Amino acid sequence: MVAVIAQAQTLLQIGQVAELSNVPIKTIRYYEELGLLKSSGRTEGKFRLFPPEAIARLTSIKKLQKLGLSLQEIAEILQVYDRGNIPCDEIKQKLERQLVEIDRRIQELETLRAEIGELLSDWTPAASRSGEICPNLQRSMSMEVQSR
C-alpha cells in the first residue's frame, strides 16, 4: 500500500505535464491517442496520470517535429526506444532523408523564384482585354506554351 501511495505521488496529472512541457493538454491527449505517449492510469477524478519521464519524451517529440519529422516517423523512433534500444541510428537516417528533401524543396523554390523574377522583369502596365484576367500573365503563359 505504501508503494502504491509513493508511486501515485511521483505521477503527474496531465495539467502538470502540460505546464512543465509547454505542450497543450489537447496535444498530449492526441499524442496518447496515437501511441506516442502512455499514461500510467487515472486519478479518482479521471485525470490522466503520467510518469515524470513523459516530460523528456514530449520534449523529444517536439524537437523531432521542429526538425521536420512527421508524427509517423517519430512513432517509429519511439518504438525502437520502447523496445529498449537507443534510436540514434534511426534518427540519423530520418534526418539525412529530411536534409535531401529540404535540398529538393530549396531547388524548387529557387526555380519558382527565377520564374517569378522573369515574369516581373517583363511586367508592363496593360489594359485588360476581353477574356484576359491579366495580359502579363497571358503573355507569360503563351511564352511557356511556345517553349514546349
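Being a predicted model, the structure only gives us computed values, none of them experimental. The chain is numbered in sequence order, starting from 1. Side chains are part of it too, since the values below use all heavy atoms of this structure and drop only hydrogens, waters and symmetry mates.
- Note that the CD1 atom of Ile74 and the CD1 atom of Ile91 stand 9.5 Å from one another [nearest 0.5 Å].
- A single hydrophobic cluster is seen to contain both Leu37 and Leu20, as judged by linkage of ILVMFWY side chains at heavy-atom distances under 4.5 Å, directly or through other members.
- Residue-environment remark: CG (Leu120) exceeds the threshold of 12 foreign heavy atoms within 6.0 Å.
- Looking only at side-chain heavy atoms (C-beta outward), Leu78 and Ile61 come within less than 4.5 Å of each other.
- Side-chain contact between Leu69 and Ile77 is present, with at least one heavy-atom pair separated by less than 4.5 Å.
- Within the 4.5 Å cutoff, no side-chain heavy atoms of Ile25 are placed close to those of Arg48.
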Should Arg104 and Glu101 be marked as a salt bridge (charged side-chain N to carboxylate O under 4.0 Å, His left out) after you check the CA-CA gap, both sets of side-chain angles, and the distance that decides it? CA-CA 5 Å; Arg104 184 192 65 75; Glu101 178 61 20; 2.4 Å; yes

Apply side-chain contact (heavy atoms from CB on, under 4.5 Å) to Asn22 and Thr59, showing your working. CA-CA 9 Å; Asn22 290 320; Thr59 301; over 6 Å; no

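- Atom-to-atom distance recorded for Gln107:CD and Leu109:CG is 9.5 Å, nearest 0.5 angstrom.
- Listed by chain and number, the residues in a side chain to side chain donor-acceptor pair (under 3.5 Å) with Gln93 amount to none (sequence neighbours excluded).
- Side-chain heavy atoms closer than 4.5 Å link hydrophobic residues (I, L, V, M, F, W, Y) into clusters, and following such links, even through other members, never connects Ile106 to Leu99.
- Looking at Thr27, its side chain never comes within 3.5 Å of a backbone N or O of Val23 through a donor-acceptor pair.
- Counting all heavy atoms, side chain and backbone alike, Lys38 lies closest to Pro51 at O-CD, 4.2 Å.
- The distance from atom CD of Gln79 to atom CG of Leu36, rounded to the nearest 0.5 Å, is 9.0 Å.
- A donor-acceptor pair is defined here as one N or O able to donate and one able to accept, closer than 3.5 Å; such a pair exists between the side chain of Asn136 and the backbone of Thr124.
- Of the inter-residue distances, the one linking Gln65 atom CD with Leu71 atom CG reads 4.5 Å to the nearest 0.5 angstrom.
- The two atoms that bring Ser39 and Glu32 nearest to each other are OG-OE2, 2.8 Å, heavy atoms only.
- Contact of the Trp123 side chain with the Cys134 side chain is registered, since non-hydrogen atoms from C-beta on lie closer than 4.5 Å.
- Gln98 places none of its side-chain heavy atoms less than 4.5 Å from the side chain of Leu67.
- Listed by first and then second residue, the salt bridge (charged side-chain N to carboxylate O under 4.0 Å, His left out) pairs that reach into residues 85-95 are Glu76-Lys94, Lys92-Glu96, sequence neighbours excluded.
- In the hydrophobic clustering of ILVMFWY residues, with side-chain heavy atoms under 4.5 Å counting as a link, Val17 and Leu34 come out together.
- In this structure, the side chains of Arg57 and Asp82 come closer than 4.5 Å at one or more pairs of heavy atoms.
- Listed for the Glu73 side chain is a donor-acceptor partner under 3.5 Å among the backbone atoms of Ser70.
- Taken to the nearest 0.5 Å, the SG atom of Cys88 stands 10.5 Å off from the CG atom of Leu95.
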Stepwise, does the side chain to side chain donor-acceptor pair (under 3.5 Å) test hold for Tyr31 with Lys62? CA-CA 11 Å; Tyr31 289 170; Lys62 295 313 276 181; 3.2 Å; yes

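- With hydrophobic clusters built from ILVMFWY side chains whose heavy atoms lie under 4.5 angstrom apart, Val80 does not share a cluster with Leu64.
- In this structure, Ile55 and Leu12 have side chains that are in contact, with non-hydrogen atoms separated by less than 4.5 Å.
- Side chains of Leu11 and Phe50 form no contact here, defined as non-hydrogen atoms less than 4.5 Å apart.
- Under a cut-off of 6.0 angstrom, the local environment of CZ in Arg105 is crowded, with over 12 non-hydrogen atoms contributed by other residues, nucleotides or ligands.
- How far NZ of Lys63 is from NZ of Lys66: 6.5 Å, rounded to the nearest 0.5 Å.
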Please report the C-alpha distance between Leu49 and Arg42 in whole Å, then the side-chain angles of each, then the deciding distance to 0.1 Å, and finally whether the side-chain contact (heavy atoms from CB on, under 4.5 Å) criterion is met. CA-CA 5 Å; Leu49 292 171; Arg42 294 182 181 254; 5.7 Å; no

